[in-house]
Amino acid sequence: MFGNSHSRPIAISLGLVVTVLATILLLRQPAYHKDPAPSLRNLEWRDINFVHTTDTHGWYSGHLNQKQYQADWGNFISFTTHLREIAHAKGQDLLLVDSGDRHDGNGLSDATKPNGAKSLPIFIQQDYDILTIGNHELYEFENSKAEYEIVAKHYNSNYICSNVEYEVSEGVFKSIGRKYKYFTTPMKGIRILALGFLFDFRRNNDHTRVKPISQVIEESWINDLFSEFTPDKVDLIVINGHIPVSHDWEELQTLHAFIRRFYPSTKIQYFGGHSHIRDFAVYDDKSTGLQSGRFCETVGWLGINTNVSQSSSNSEVKNTFTRSYIDFNLHSFMHHTGITSFEKFTTPKGEHVSRQIKKARYELGLETVVGQVNSNYYMDYVSITHPKSIFKLLSDKILPTLKPTNDSIELSSERIIIINTGSIRYDLYKGPFTLDTEYIVSPFRNNWVKITVPKKYAVGVTNVLNGGGYILNKEVDNLHLLPPQQRSSRSITPKILDGSRNPSQKVFQSPELSYSINEGVVSERKQLTKGYVTHDDFGDDGDDTPHRAVVTHKVPNVIESTCLDQNSSDDTPTDLIFYDFIIPNIIWALHELGFEAEKSQVSFFSSDYLGKLLHEYARNDKF
Ligand SMILES: Nc1ccn([C@@H]2O[C@H](COP(=O)(O)O)[C@@H](O)[C@H]2O)c(=O)n1
Ligand SMILES: [Zn+2]
Ligand SMILES: [Zn+2]
């Protein structure tokens, strides 16, 4: 038809219209590309800005089967490099903070001997300005040694820990890092006094010491320090704790009251961790606490204006402080830097670290396929009686495969195996079960132990351990038995079942439903990715990516797998088998039931830890 001379002008004008329209569309495209995620909430920049991580537990490869957390440590390094440049270009400061727990949770950290041999050299490529220790650096001596010799040494005066000591030679204990750091920021000249604290942790190895905060504040060094650095010399106090920031965790409250005695109106910023949640707490009009999740799912963002007047009101706090929880993916990282091409985004160091990770994973054989998993098994997305519950899988199928390590171990005809649900760290996904999966689901190399008790006591233990909710019996140190998801201050509020005002932030961890980075504009609610929806003291606008919340179910402290004869008498000797990690808890529960047991009555049963049982189950094609 374009060959027809009469129609040519029309064809030309049509062509012109098409060209113009196309040009308009093309001109609009870059705007879209510049901001590929208009639904993301932008970061607010202040005089001083902090990027915060905590509880990374070795997840430096990123979440390979969850696109929403798929950035790796190299990408994270590129991200913060740009953020620092942006801050400095604006004349603002940017500091990086990490709050500890770098082991136990991923093959990259746990498949080596010593633990962390490959992951710590990767972790320390990040330029942290302030970092501290977590409890997972203290369970095993080899982790403490690595912390002292690799991490603390590398970061030198930036490694700040005010209440943990390390045995440098026999009987000689020294602070594992610097007890404090006083420094002035390069751009705004903000004078910062920084300290670091671990919560009152009692299960540390013998070559380390942890002093509870309540004891530290009685010591002369901290009183002298605060007397020397009078308020006129300090613009901002930073407390980096491996401690939850929630109001119901007493230790930070104690510390805060102590600091305020010396600094009645100085701004104080707390960074926290350990309970693996996103959280932000306002302590008073000049002081807040930020906690940035777990497992490289979250990068926390915290900004402070230093010049806000001293008057006290709610809006004053909001004018002073701002917080965001950034999803650990390239989509978010690139959005917040305003860089639209990956080539421009990735820095030589970031690229180098990403290569280092790939190499380490290859050398460790982390992607070696052991077997296939037939379904997703969840920790708390379904109830523990649901066929897709990982705890049901363990109690029905995996734990019954546990055998004593040698034939000389005497067995009773009846038995109950109890596991602390905190020993399971992550969902198990449908698809290949790799070496990495074993560590991700259950990284701990605990031994199984056994005690034989009359059946009437054995059958009550699980109930006692689960009965009291948060068990606060300090003598047996039950504090550390609780699975992280139950430790959220937010879970005190009753759950609302449509998920829209779910009190604690939630993540749906199914790879099937995780979103694609290229998904584009998310405009309708039904298109939102399921993930964290955080409700904190500033409201519910903290997550950089608006997610759709999911309902999660309460997970008890322990679950059991039983092999009992319904017809046998109450006094039948019954083997109670459990991880040595919970010996004090079991002895305490038996005591509560009226049976006095000694640690010496507990004997070794097996070294086939949970990860190994799962591995064998997959290898034998049992799923
Ligand atoms: N050998 C171990 C050590 C720890 N656990 C579990 O880990 C929990 C602590 O982890 P955080 O990341 O929250 O510090 C602890 O409560 C135990 O449940 C374990 O099972 N075995
Ligand atoms: Zn942790
Ligand atoms: Zn911890």
Side-chain angles (χ1 to χ4, degrees), residues 52-59 98-106 109-110 115-116 123 131-144 147 161 164 196-205 210 240-246 249 251 271-279 291-298 379-380 391 394 417-426 439-449 465-466 470-473 476-488 555-559 578-586 607 609-613:
H52 179 227
T53 52
T54 187
D55 296 271
T56 53
H57 289 284
W59 280 83
D98 181 79
S99 300
D101 270 8
R102 296 177 263 274
H103 301 263
D104 304 329
N106 199 280
S109 52
D110 308 339
N115 192 300
F123 174 85
L131 74 165
T132 197
I133 202 165
N135 49 308
H136 286 265
E137 281 72 71
L138 294 170
Y139 285 114
E140 303 293 334
F141 173 62
E142 70 177 39
N143 291 7
S144 305
E147 190 70 0
C161 186
V164 178
F197 291 94
L198 174 66
F199 69 90
D200 183 5
F201 179 56
R202 312 273 179 93
R203 295 203 167 185
N204 50 306
N205 65 77
V210 181
N240 184 21
H242 190 74
I243 309 175
V245 298
S246 65
W249 194 280
E251 289 179 279
F271 292 96
H274 183 58
S275 54
H276 292 187
I277 61 168
R278 294 179 173 187
D279 201 5
Q291 194 177 324
S292 305
R294 59 166 197 180
F295 303 162
C296 295
E297 290 170 349
T298 305
M379 287 179 65
D380 65 355
F391 297 113
L394 285 160
I417 307 173
I418 293 181
I419 60 161
N420 54 310
T421 53
S423 59
I424 300 299
R425 308 288 278 187
Y426 217 65
Y439 292 97
I440 285 171
V441 176
S442 193
F444 306 112
R445 268 55 190 139
N446 296 331
N447 281 324
W448 296 100
V449 289
L465 289 173
N466 289 335
Y470 200 108
I471 308 163
L472 280 169
N473 187 328
V476 295
D477 197 18
N478 270 309
L479 273 172
H480 315 306
L481 175 62
L482 275 164
Q485 62 270 30
Q486 274 175 258
R487 294 192 226 130
S488 161
V555 177
N557 290 330
V558 294
I559 56 139
F578 45 93
Y579 261 173
D580 53 0
F581 184 76
I582 60 168
I583 292 174
N585 309 84
I586 298 285
S607 52
Y609 46 83
L610 279 167
K612 190 168 174 193
L613 295 180

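Starting from 1, each residue takes its place in the sequence as its number. These numbers come from the heavy atoms of this one structure, side chains and all, not from hydrogens, waters or symmetry mates. Counting starts at 1 for both ligands and their atoms, following the listed order.
Only the side chain of Arg425 comes within contact range of ligand 1, with a heavy atom under 4.0 Å; no backbone atom does. Contact annotation: for Asn446 versus ligand 1, heavy atoms closer than 4.0 Å belong to the side chain alone. With a 4.0 Å heavy-atom cut-off, ligand 1 is reached by the side chain of Tyr139 but not by its N, CA, C or O. Neither the backbone nor the side chain of Arg294 has any atom closer than 4.0 Å to an atom of ligand 1 (non-hydrogen atoms only). Under 4.0 angstrom from ligand 1, the non-hydrogen atoms of His136 all belong to its side chain.
Every atom of ligand 1 is numbered from 1 in the order shown, and the set under 4.0 Å from a heavy atom of His57 is 12 (O).
Proximity of the aromatic rings of Trp448 and Tyr579 is defined here by a centroid distance below 6.0 angstrom, and this criterion is met.
Residue Asp104: no N/O/S atom is found under 2.8 Å from the Zn ion (ligand 2). Within the coordination shell of the Zn ion (ligand 2), defined by N, O or S atoms under 2.8 Å, His242 is absent.
In Asp101, the N, O or S atom that comes nearest to the Zn ion (ligand 3) is OD2. Within Asp55, the N/O/S atom positioned nearest the Zn ion (ligand 2) carries the name OD1.
At under 3.5 Å, not a single nitrogen or oxygen of Asp55, backbone or side chain, sits near a nitrogen or oxygen of ligand 1. Considering backbone and side-chain N/O of Asp101, one or more are found under 3.5 Å from N/O of ligand 1. At least one N or O atom of His274 sits closer than 3.5 Å to an N or O atom of ligand 1.
In summary, the side chains of Asn446 and Ser423 do not present any donor paired with an acceptor at a separation below 3.5 Å, with no hydrogens or angles considered.
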(Q) ring pair (Phe, Tyr, Trp, His ring centres under 6.0 Å), that's the test. Do Phe295 and Tyr426 meet it? Break it down for me. (A) CA-CA 10 Å; Phe295 303 162; Tyr426 217 65; 5.7 Å; yes
Q | Stepwise side-chain contact (heavy atoms from CB on, under 4.5 Å) check, Tyr139 with Asn205 | A | CA-CA 6 Å; Tyr139 285 114; Asn205 65 77; over 6 Å; no
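For the pair Arg203 and Phe581, the distance from NZ or CZ to the six-membered ring centre is under 6.0 Å and the angle to the ring normal is within 45 degrees.
Computed with the Zn ion (ligand 3) at the centre, the His274 ND1 to Asn135 OD1 angle is 100°, stated to 10 degrees.
Of the candidates Leu465, Asn557, Ile582, Asn420 forms a side chain to side chain contact (heavy atoms under 4.5 Å, CB included) with just one, namely Ile582. Considering Val558, Ile559, Asp380 as possible partners of Phe391, the one that fulfils the side chain to side chain contact (heavy atoms under 4.5 Å, CB included) test is Ile559. Evaluated for a side chain to side chain donor-acceptor pair (under 3.5 Å) with His274, the options Arg294, Gln291, His242 yield exactly one hit, His242.
Note on Glu297 versus Arg278: no salt bridge recorded, every NZ/NE/NH1/NH2 to OD/OE distance being 4.0 Å or above.
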